[in-house]
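Take a look at the structure set out below.
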Amino acid sequence: SSALELNGGTIRNASGTAAELNLPTRGTLGSLSHGHNLSIDTRAPPSVASLASLTSNGTYKTGEILNFSVNFSRAVLVTGTPRLKLETGSTDRHATYVSGSGTDNLSFSYTVQSGDNSTDLDYHSTSALELNGGTLKDPAGNYANLTIATPGSAKSLGYNKDLVLDTSP
């Protein structure tokens, strides 16, 4: 109740009467915390810690499913349907969000389509993790940093997995 300090100054009304400096007790009617849920979060926003495929190395044909895991530095809440843009050949395609909201591990899935041909599947770019109209935030409301490792680099999907798409007859 004594948090308001003058710090060498004065607070007076127009008549010159000194202001009452006692504040309402924390949590009571009129206090800052009464009826408000305030928190201070000084942590950096959540970021992508790793991106991997849960699918075994090998060659995949039309209709086969590839599964991916995007791990964040801490839990994120998902709205909408985020997606991961894949470099699948002449036409780029998207793995779509499946599950994981409220955790630090999001699951994505992609079904190989006719025309997909890639000798070493990777995602499209460092910005391949797309919101697609949704959001990825931590419970405090901080938007996640969606930047992922450069395709072909040591932490990329293509570097760590040997996934071949071959839909030719």
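We count residues from 1, following the sequence as given.
Judged purely by distance below 3.5 Å, without hydrogens or angles, the side chains of S127 and S125 pair a donor atom with an acceptor atom. Counting only N and O atoms by type, the side chains of T79 and T135 include a donor and acceptor under 3.5 Å apart. In summary, the side chains of E20 and N22 do present a donor paired with an acceptor at a separation below 3.5 Å, with no hydrogens or angles considered.
In plain terms, the two heavy atoms of P82 and L136 that are nearest each other are CG-CD2, 4.2 Å. Here the closest non-hydrogen pair linking S109 and I65 is OG-CG2, 3.3 Å. Residues S118 and E87 approach most closely at OG-O, 3.8 Å, considering heavy atoms. Taking every heavy atom of both residues into account, P46 and N142 meet most closely at CD-O, 4.0 Å. G102 and A75 get closest at one heavy-atom pair: O-CB, 3.6 Å. Listed here is the closest heavy atom pair of T55 and L66: OG1-CA, 3.3 Å.
By the 4.5 Å heavy-atom criterion applied to side chains, D116 and R93 are counted as neighbours. Proximity of V48 to F72: side-chain heavy atoms (C-beta onward) are separated by under 4.5 Å at one or more points. The side-chain heavy atoms of N117 and L165, taken from C-beta on, include no pair separated by under 4.5 Å. Within the 4.5 Å cutoff, side-chain heavy atoms of S50 are placed close to those of N71. Using a 4.5 Å heavy-atom threshold, the side chains of D166 and Y60 count as separate. Side-chain contact check for L86 versus Y110: some heavy-atom pair is nearer than 4.5 Å. The shortest distance between side-chain heavy atoms of L84 and Y97 does not fall below 4.5 Å. Contact annotation: the side chain of N57 approaches that of K161 to within less than 4.5 Å [non-hydrogen atoms, C-beta and beyond].
In this structure, the side chain of S31 engages the main chain of H34 through a donor-acceptor pair within 3.5 Å. At distances below 3.5 Å, at least one donor-acceptor pair connects side-chain atoms of T167 with backbone N or O atoms of G115. Side-chain atoms of S53 come within 3.5 Å of backbone N or O of N67 as a donor-acceptor pair. No side-chain donor-acceptor contact under 3.5 Å links T150 to the backbone of S153.
The distance from atom OG of S101 to atom CG of L106, rounded to the nearest 0.5 Å, is 7.5 Å. Between the CG atom in D138 and the OG atom in S73 there is a gap of 8.5 Å [rounded to 0.5 Å]. Here CZ of R83 is found 4.5 Å from CD of E130. Values are rounded to the nearest 0.5 Å. Expressed to the nearest 0.5 Å, how far OH of Y123 lies from CG of D92 amounts to 14.0 Å. For the atom pair L51 CG and L129 CG, the distance stands at 7.5 Å (nearest 0.5 Å). Atoms CD1 and NE2, from I148 and H124 in turn, are 11.0 Å apart once rounded to the nearest 0.5 Å.
Here D122 pairs with nothing under the salt bridge (Lys or Arg N to Asp or Glu O under 4.0 Å) rule; sequence neighbours left out. Among residues two or more places apart in sequence or in another chain, the salt bridge (Lys or Arg N to Asp or Glu O under 4.0 Å) test is passed with R43 by D41.
When hydrophobic side chains of Ile, Leu, Val, Met, Phe, Trp and Tyr are connected at separations under 4.5 Å, I11 ends up clustered with L4, L6, L21, L23.
Counting non-hydrogen atoms of neighbouring residues, nucleotides and ligands closer than 6.0 angstrom, the NZ atom of K155 reaches no more than 12 such neighbours.
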Legend entry - CA sep, side-chain torsions, deciding dist, call: F108, T96, side chain to side chain contact (heavy atoms under 4.5 Å, CB included): CA-CA 5 Å; F108 290 76; T96 56; 5.6 Å; no
